[in-house]
Amino acid sequence: MKRSILIMLIFVSLGTFAQKKVLDHPDFDIWNTIQRSTISNDGKFVMYSLEKGEKDNHLKIKDENASLIFDHERSENGQFTYDSNHALFTIKAWQDSIAEMKRRKAKKDEMPNDTLGVFNLKTKTLTKIANVKSYKIPSKWSGVVAYYLTEIKEEKSKDTSDSKKKTSKKKAKKVSSKNGFHLVIRDLASGKEDTLKYVTDFSFAKEGKRLVYVSTGEDTKTNSSVFIKNFDNGGVTNVFESNNKSKYYQLNFSDSGNNLGFIVDADTTKALVRPNKLYYWSDGQSKASLIVDDKSAPKGYRVSSDGSISFSKDDSKLYFGLATPPIVQDTTLLKEEIVDVEVWSYNEPRLYTQQEAQLSRDKKKSYQSVIHLTKGNKLTQLASINYPNAQIGNEGDSNYALISNPEPYFLESQWTGVRDSDYALIDVNTGNVSNILTRVSSSMRLSPNGEYVYGYSLADSTWLTYNIATKKRLDLTKGRVFYDEILDRPEYPRSYGIAGWTDEDKSMLIYDRYDIWEFNPSTGENTRLTKGRESKTTYRYVNLDRENRFINPNGKWLLTTFNETTKESGYYEYNAKNKKGKQLIEGPYRFTSPQKALQSDNLLFRRQSFEEFPNIHITDLSFKKHIQISDANPQQKNYNWGTSELVNWTSLDGRELTGMLFKPENFDPNKKYPMIVHFYEKSSNGVYSHRGLRSGGLNYSFYTSRGYVIFNPDIYYRDGYPGESAYNCVIPGITSLIEKGFIDKDNIGVQGHSWGGYQNAYLITRTNIFKAVVSGAPVVNMISAYGGIRWASGLSRQFQYERTQSRLGGSPWEYPQRYVENSPIFTLDKINTPVLILHNDGDGAVPWYQGIEFFTGLRRLGKTAWLLNYNGEPHGVRKFQNRKDYTKRMSQFFDYYLQGAPKPVWMERGVPAIEKGINQGLELIKN
């Protein structure tokens with residue numbers, strides 16, 4: 001008997017010991033996310049950083065067998081050198097230390113600087129270089145690193161024995177962004193360093209072993225210069241020299257490093273129109289030569305300091321930007337003499353608010369032009385006021401550029417949401433323009449070799465090509481379904497995209513809903529390459545080499561797969577030569593697009609499910625064996641996390657629906673659970689997505705750990721009736737779960753943000769099934785919202801209501817009743833559910849007066865409601881401290897209403913303005 005009791009006690013104690021912990025708010029601070037994972041070019045090393053609680057990063061380097069080679073705390077932004085011999089990264093100060101120094105009101109120059117870490121992968125040795133502002137390494141060759149030093153205090157002090165003597169020495173300069181910083185060139189193999197003083201800009205050539213830099217000189221009287229350092233012979237050439245007030249822009253080599261372009265403003269006056277000049281240097285020249293200035297630029301244009309400089313692949317052409325003269329202010333006017341008035345005109349292409357939002361971009365607008373370096377530096381202007389946008393083809397070697405103009409259709413896009421454009425071709429050599437396409441609602445492009453113009457026309461729902469040589473347009477997919485098959489918005493259907501082009505522009509690979517099709521761009525002949533429609537499996541091409549412009553028509557392609565029914569995904573090998581394939585790996589996971597080593601078959605991928613964190617795995621192209629590299633959150637196994645599954649039901653209008661259900665890990669079907677409903681539009685494809693522990697919105701794993709069930713239903717919409725559509729889908733989904741017996745029907749909440757916030761605001765005017773609702777950035781009045789502005793972009797909100805997400809199908813004067821029936825503001829008196837509203841005054845997507853209308857209406861009616869406004873925050877909550885605060889208030893709100901937890905002070909009496917930022921009211925009221 002005693003033995004039996006003893007055994008029972010042991011089992012009880014073991015059960016208690018093994019019981020998993022429940023997630024709580026402090027746990028957000030110990031959870032890691034993976035930042036900047038990368039694989040070395042030889043495929044032998046993997047580097048990534050773990051960011052703990054959105055604060056300090058911990059950098060790790062592992063080999064291909066997942067053995068730890070090196071790690072370093074508070075380190076991030078790792079890069080491998082091209083030869084895979086070194087790893088470089090930035091070492092930061094502890095964020096807690098920085099915060100403490102800020103509390104002590106430490107001066108800016110007392111704050112700690114970054115350190116550059118250089119780890120030798122061959123010798124396993126670490127070199128630390130202090131006081132580094134930033135660094136660069138070449139992208140296609142190795143051996144050196146260039147880094148800026150911040151100002152070093154020792155540089156301020158001079159030899160005291162001579163400090164008081166009057167000498168003829170020139171006055172020393174201070175290191176600054178204006179004067180430049182000291183640039184150190186370090187040989188990674190030998191450790192030898194060369195310091196270049198007062199450097200304001202520098203850049204490596206992509207392939208050639210050269211560095212260009214600008215120095216303002218050793219002292220205040222020395223001229224500024226542009227230097228080129230040749231790492232093959234160690235030589236340094238001064239290719240340009242000017243006064244020390246000169247400014248330099250857009251320094252850029254050709255890929256080979258044999259050509260250099262840059263822009264100089266050497267004018268010492270305060271002229272409002274800057275006389276920029278374009279200079280060019282070629283290998284073998286001692287000095288750069290002037291090729292374009294105000295005198296030689298096309299009439300009405302000048303050299304732009306904002307237009308990027310690039311070269312054609314064959315080094316025969318230099319591309320740069322021209323700009324129109326700026327509109328300048330009369331500097332003789334006093335501030336009180338300037339009239340500040342906005343004049344909004346009915347016939348302006350862009351709304352005034354959109355002009356304001358794009359003001360900085362408009363001031364920097366440049367028009368792409370080309371210099372023919374092998375033809376006497378002949379200039380051809382490609383883009384212009386009439387055709388402001390230009391695309392160059394065949395890596396800059398094409399004889400034609402595609403130019404376009406969307407401006408004639410700007411006005412209509414205010415309510416259609418569609419951006420039409422006129423397209424033309426310009427001969428890069430002669431400047432002759434040929435109009436080819438009028439009012440096409442698509443972003444047309446040049447094929448990689450520059451032989452075709454191609455794109456998807458929204459209005460026609462078809463992919464088209466334009467053969468530049470034959471001047472013929474061909475509608476490739478006209479009358480066929482290569483567009484969104486399940487569109488439920490009153491707008492033109494979008495395409496599914498393309499995989500790319502095969503060698504030399506021979507064929508174009510286009511996606512339909514499931515498969516990849518190969519089309520001849522000249523004849524339209526086509527072949528279906530994959531067989532996904534039969535099993536509802538989507539195949540998509542994975543580009544393993546971002547610099548490869550073509551898809552090998554005889555190679556082995558890596559594809560991703562996704563089954564629309566099971567939501568399982570995987571990788572697939574397709575042999576393009578024999579048109580056969582095989583599944584490499586698949587399962588109840590979500591797989592990311594892989595990252596392949598440049599010079600090896602090794603690649604990285606990440607696999608995840610709701611229960612499994614998306615750790616890094618390494619494998620090769622066969623996927624026969626894969627090794628887990630990272631283990632970002634091993635502590636997760638100690639917590640009650642949760643599970644995910646698909647659920648099905650029928651909508652009120654007879655549609656078969658799918659949704660996601662998330663349960664506590666220790667779920668007991670015989671218990672009754674509180675449930676939170678959370679949805680947006682269609683989300684069930686993400687049933688195998690991991691919901692990491694991150695503050696801000698409704699964190700699924702946080703709530704399932706705390707005993708909640710989460711239901712996320714898919715919504716299908718009927719044009720003109722978005723609110724009713726949500727009701728028809730969500731409510732029967734909830735009742736179907738209640739019927740299963742494990743949902744506490746008296747403790748159901750709902751949460752949503754933006755479009756989700758609108759829908760749950762609508763639902764609570766139609767049903768009392770919810771006990772509490774959190775509505776983030778909701779639109780409650782579609783009439784006032786229709787006439788509003790999306791302040792981040794300056795766009796009118798009209799298109800959203802007529803054609804896109806709000807799905808009303810027309811204007812308020814066409815369908816006034818739709819606007820009323822779908823607006824919760826007109827039926828607020830029907831609401832009996834306590835509401836927590838989040839709407840920030842910096843919201844650039846949904847005007848925050850919508851939240852105010854919602855709150856003040858509920859307040860007027862005596863309904864239970866709170867409004868959270870995180871000052872200055874945008875459409876969501878971004879600042880770390882604010883996200884933590886919102887997460888806590890939301891959980892307190894739901895815990896109070898759905899689990900009977902104590903009420904927090906802020907829900908009892910609010911937080912008066914006089915206490916703002918002082919007393920948060922988060923403490924719980926004790927009974």
Side-chain angles (χ1 to χ4, degrees), residues 254 259 261 278 280 291-304 307-325 365-409 419-455 457 464-475 501 504-505 508 521-522 549:
S254 62
N259 294 280
L278 174 64
Y280 162 70
I291 51 175
V292 184
D293 60 8
D294 286 347
K295 295 178 181 178
S296 56
K299 186 177 180 181
Y301 294 88
R302 64 189 182 93
V303 175
S304 170
S308 61
I309 287 177
S310 63
F311 290 84
S312 59
K313 191 66 176 178
D314 66 2
D315 278 9
S316 68
K317 303 178 187 71
L318 184 160
Y319 294 92
F320 73 105
L322 291 170
T324 53
K365 174 64 181 175
S366 64
Y367 302 92
Q368 193 168 58
S369 304
V370 62
I371 298 291
H372 296 269
L373 301 173
T374 58
K375 297 179 180 179
N377 293 342
K378 176 186 175 183
L379 189 157
T380 305
Q381 185 175 350
L382 305 179
S384 64
I385 296 173
N386 296 326
Y387 283 97
N389 306 315
Q391 298 177 40
I392 57 176
N394 197 20
E395 299 181 290
D397 293 340
S398 175
N399 288 325
Y400 290 92
L402 179 65
I403 54 178
S404 62
N405 183 15
E407 293 186 5
Y409 313 108
R419 182 65 58 84
D420 295 333
S421 292
D422 295 331
Y423 288 88
L425 287 168
I426 183 168
D427 188 308
V428 172
N429 300 296
T430 65
N432 293 334
V433 175
S434 303
N435 298 321
I436 60 169
L437 298 168
T438 302
R439 194 163 191 169
V440 176
S441 51
S442 170
S443 295
M444 303 300 292
R445 294 178 171 275
L446 285 169
S447 58
N449 236 31
E451 296 181 16
Y452 298 90
V453 176
Y454 74 97
S457 174
L464 64 92
T465 57
Y466 179 89
N467 189 314
I468 294 175
T470 64
K471 300 181 180 178
K472 291 184 178 180
R473 168 178 170 160
L474 179 63
D475 291 341
W501 290 73
E504 307 304 319
D505 288 358
M508 184 179 175
S522 289
R549 298 187 298 142

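- Annotation: salt bridge (Lys or Arg N to Asp or Glu O under 4.0 Å) contacts of Asp293 (sequence neighbours excluded): none.
- Of the inter-residue distances, the one linking Ser421 atom OG with Asn389 atom CG reads 7.0 Å to the nearest 0.5 angstrom.
- In this structure, Gln391 CD and Gln368 CD are separated by 9.5 Å, a value rounded to the nearest 0.5 Å.
- With salt bridges taken as basic N to acidic carboxylate O contacts below 4.0 Å, one links Arg439 and Asp420.
- Under the 3.5 Å distance criterion, the side-chain polar atoms of Ser312 are matched with a main-chain donor or acceptor of Lys317.
- Taken from OH in Tyr454 to OG in Ser442, the straight-line distance is 9.5 Å, to the nearest 0.5 Å.
- Taking the salt bridge (Lys or Arg N to Asp or Glu O under 4.0 Å) definition, one finds that Arg445 meets it with nothing, sequence neighbours left out.
- Between Arg302 and Pro325 the shortest heavy-atom distance is NE-CA, 3.9 Å.
- The two atoms that bring Arg473 and Leu464 nearest to each other are NH2-CD2, 3.5 Å, heavy atoms only.
- Shown here are the salt bridge (Lys or Arg N to Asp or Glu O under 4.0 Å) partners of Glu395, two or more places apart in sequence or in another chain: Arg549.
- In terms of modelled atom types and a separation under 3.5 Å, the side chain of Tyr466 and the main chain of Ile436 share no donor-acceptor contact.
- Of all the heavy atoms in Ile403 and Leu382, the pair that sits closest is CG2-O, 3.5 Å.
- Side-chain N or O atoms of Ser447 include one that pairs as donor or acceptor with a backbone N or O of Tyr452 at under 3.5 Å.
- The two residues Thr465 and Pro521 make their nearest non-hydrogen contact at OG1-O, 2.8 Å.
- Atom OG of Ser316 and atom CG of Leu373 lie 7.0 Å apart (nearest 0.5 Å).
- Residue pairs meeting the side-chain hydrogen bond (donor to acceptor under 3.5 Å, both in side chains) criterion with at least one member in residues 398-407, sequence neighbours excluded: Asn399-Asn429.
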Are Leu318 and Leu278 close enough, and set up right, to give a side chain to side chain contact (heavy atoms under 4.5 Å, CB included), and what steps lead you there? CA-CA 11 Å; Leu318 184 160; Leu278 174 64; 4.0 Å; yes

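- In this structure, Lys472 NZ and Asn467 CG are separated by 8.5 Å, a value rounded to the nearest 0.5 Å.
- Listed for the Asp397 side chain is a donor-acceptor partner under 3.5 Å among the backbone atoms of Asp314.
- Scanning all heavy atoms of the two residues, the minimum distance from Leu402 to Met444 falls at CD2-O, 3.7 Å.
- Between Val453 and Tyr423, every side-chain heavy-atom pair lies at or beyond the 4.5 Å cut-off.
- For the residue pair Asp315/Asn259, the side-chain donor-acceptor check at 3.5 Å is satisfied.
- For the residue pair Tyr387 / Asp422, no side-chain donor-acceptor distance below 3.5 Å is found, with atom types taken as modelled.
- If you run side chain to side chain contact (heavy atoms under 4.5 Å, CB included) between His372 and each of Thr380, Leu379, Asn377, only Thr380 comes through.
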Steps toward side chain to side chain contact (heavy atoms under 4.5 Å, CB included) verdict (Phe320, Val292): CA-CA 10 Å; Phe320 73 105; Val292 184; 4.0 Å; yes

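- Heavy-atom minimum distance, Lys365 versus Pro388: NZ-O, 3.1 Å.
- With sequence neighbours excluded, the residues forming a side-chain contact (heavy atoms from CB on, under 4.5 Å) with Thr324 are Tyr301, Tyr367, Ile385, listed by chain and number.
- Looking at residues two or more places apart in sequence or on another chain, you find no salt bridge (Lys or Arg N to Asp or Glu O under 4.0 Å) involving Lys378.
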